[in-house]
S.K.: 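Sharing a structure, written as structure tokens. Questions coming.
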There are 2 protein chains.
Amino acid sequence: MPPPERPGDDRPQLPHSLAGAPPNEIDPRVEELVNQLIARVADKWTMLVLEALAEHGETRFTRLSRLVPGVSQKMLTQTLRQMERDGLVVRTVHPVVPPKVEYRLTILGQSLGAAFCGVWIWAEQNLAAVEAARRGFDLRGSTKQD
Amino acid sequence: MPPPERPGDDRPQLPHSLAGAPPNEIDPRVEELVNQLIARVADKWTMLVLEALAEHGETRFTRLSRLVPGVSQKMLTQTLRQMERDGLVVRTVHPVVPPKVEYRLTILGQSLGAAFCGVWIWAEQNLAAVEAARRGFDLRGSTKQD
DNA sequence: ATCTACGCTCTCTTTTTAGTAAGTATAAAT
DNA sequence: ATTTATACTTACTAAAAAGAGAGCGTAGAT
């Protein structure tokens, strides 16, 4: 996505009517970034890497691969590259003989983690409701009246 | 720079150490739900449907398919079913002769949208930073010092 | 001399996901 | 009699993503 011209607008506006706002115009670039962002965070590894780095601070590749259970080297590399590209992590290469590469979160990365706290809290608060809804749905067929 | 240990935090419990909390135990069910949730929200349709329903209120299937540009019937059905199963939308079938089915958000669905506002706001506030990071990454190779 | 560790990259295969298009039922409209 | 509208479902196909596993370069340990 080539970032085209951008007229000065960086007001923290709430998304659409999700917060009750009228259906006013939204910056398509923001929308696109949000989608990319969510998509990125959605692939099961990014959040796990984010957590691992948040918990353990600067961490080397191999250790990270052990901290994130089940991740393959390929996926870990890929995830870290994406995160680095987006400015979420810093990759520090120490030019020593067995390679030593350390990763740590940037403030941006940390703030993204914090931003997702809302979702996390939602999940904790509504876990029971979601599970109940699923049970109900799975028991009776999908059809029901309100 | 990283927000380290923070005793006596008055805010709601933040996930893991993403906000500097110690690596205390987390309910694996919550973690799983969060992952599912994020994955669900990540598929490009769920959020769009959520938005459309938030903006337009109770809406019929066909209208919804027009409100969400590019969605196929299959994907829309799938998305709505998942959302219904999770208790995010209510599906009301009117047993009339050309089928009439209406969908609307539950409070749960609305609150999920609200929960994601944090991410949206983050994206808006950090759009420039992410784009700058990407430009930097794409220009110079991936290697750099902090 | 061989082996191990590290942080990858590359290729190949398998799995998952998404899109397309057709089919279904029914009653009213033409 | 045929067409239209609605809300799907199903089968098929194409594309994307993920996993497995080998290879690489070098230096220190054995």
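We name chains A, B, ... by the order of the sequence lines, and we start the count at 1 in each one.
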S.K.: Who are the side chain to side chain contact (heavy atoms under 4.5 Å, CB included) partners of B/T106, not counting sequence neighbours?
M.R.: B/V90, B/L108
S.K.: Under 3.5 Å between N/O atoms: give me all the protein pairs with nucleotides 27-30 of chain D, atom names plus distance.
M.R.:
none

S.K.: side-chain hydrogen bond (donor to acceptor under 3.5 Å, both in side chains) with A/E102: which residues, sequence neighbours excluded?
M.R.: A/H94
S.K.: Which whole-number value in Å describes the distance from B/M75 CE to D/dA14 P?
M.R.: 17 Å
S.K.: Quick check on D/dA17: is either OP1 or OP2 less than 4.0 Å from any side-chain nitrogen or oxygen of A/W45?
M.R.: no
S.K.: Once you round to the nearest 0.5 Å, how far does OG1 of A/T79 lie from CG of A/L88?
M.R.: 11.5 Å
S.K.: Could you check A/P99 against A/G70 and say which one's nearest nucleotide on DNA chain D is further toward the 5' end?
M.R.: A/G70
S.K.: Quickly work out the B/L64 CG to D/dA5 C1' distance and round it to whole Å.
M.R.: 17 Å
S.K.: Please report the end-to-end axis angle for the helix from C/dA1-D/dT30 to C/dT30-D/dA1, five pairs per end, rounded to 10 degrees.
M.R.: 30°
S.K.: For chain A and DNA chain C, what are the first and last nucleotides along the strand, 5' to 3', with at least one atom under 4.0 angstrom from a heavy atom of the protein chain?
M.R.: C/dC6 to C/dT9
S.K.: Any salt bridge linking B/E84 with B/R81? Criterion: basic side-chain nitrogen under 4.0 Å from a carboxylate oxygen.
M.R.: yes
S.K.: Evaluate the side chain to side chain contact (heavy atoms under 4.5 Å, CB included) criterion for residues A/V89 and A/R104: first the C-alpha distance (whole Å), next the side-chain angles of each, then the deciding distance (0.1 Å), finally the verdict.
M.R.: CA-CA 5 Å; A/V89 305; A/R104 65 180 161 80; over 6 Å; no
S.K.: If I compare all heavy atoms of A/L50 with all of A/G113, which pair ends up nearest, and what's the gap?
M.R.: CD2-CA, 3.8 Å
S.K.: Quick check for you: to the nearest 0.5 Å, what is the distance between A/E58 atom CD and A/R63 atom CZ?
M.R.: 11.0 Å
S.K.: Say you draw a straight line from CZ of B/F61 to CG of B/L80; how long is it, rounded to the nearest 0.5 Å?
M.R.: 6.5 Å
S.K.: Between D/dC8 atom C1' and B/E84 atom CD, what is the distance in whole Å?
M.R.: 13 Å
S.K.: If only side-chain N and O atoms of B/R60 are considered, is one of them under 4.0 Å from the OP1 or OP2 phosphate oxygen of D/dC8?
M.R.: no
S.K.: Atom CD of B/Q78 to atom P of D/dA7: distance rounded to whole Å?
M.R.: 18 Å
S.K.: Heavy atoms under 4.0 Å, any strand shown: does B/K100 hit a base, just sugar-phosphate, or nothing?
M.R.: sugar-phosphate
S.K.: What integer distance in Å separates B/R63:CZ from D/dA7:P?
M.R.: 12 Å
S.K.: Checking A/S65 now: which residues fulfil side chain to side chain contact (heavy atoms under 4.5 Å, CB included) with it, not counting sequence neighbours?
M.R.: A/T62, A/V71, A/L76
S.K.: Take the protein atom CD of B/E102 and the nucleotide atom P of D/dT6, then report the distance between them rounded to whole Å.
M.R.: 13 Å
S.K.: Starting at CD of A/Q110, measure out to CG of A/L53 and round the result to the nearest 0.5 Å.
M.R.: 10.0 Å
S.K.: For A/S111 and B/W122, work out which heavy atoms get closest and say how close.
M.R.: OG-NE1, 2.7 Å
S.K.: How many Å lie between CD on A/Q73 and P on D/dA20, as a whole number?
M.R.: 12 Å
S.K.: OP1 or OP2 of D/dA7 less than 4.0 angstrom from a side-chain nitrogen or oxygen of B/T62, does that happen here?
M.R.: yes
S.K.: It should be established whether B/R91 places a side-chain nitrogen or oxygen under 4.0 Å from OP1 or OP2 of nucleotide D/dA7.
M.R.: no
S.K.: What's the separation between atom CG in B/L105 and atom CE in B/M83, rounded to the nearest 0.5 Å?
M.R.: 6.0 Å
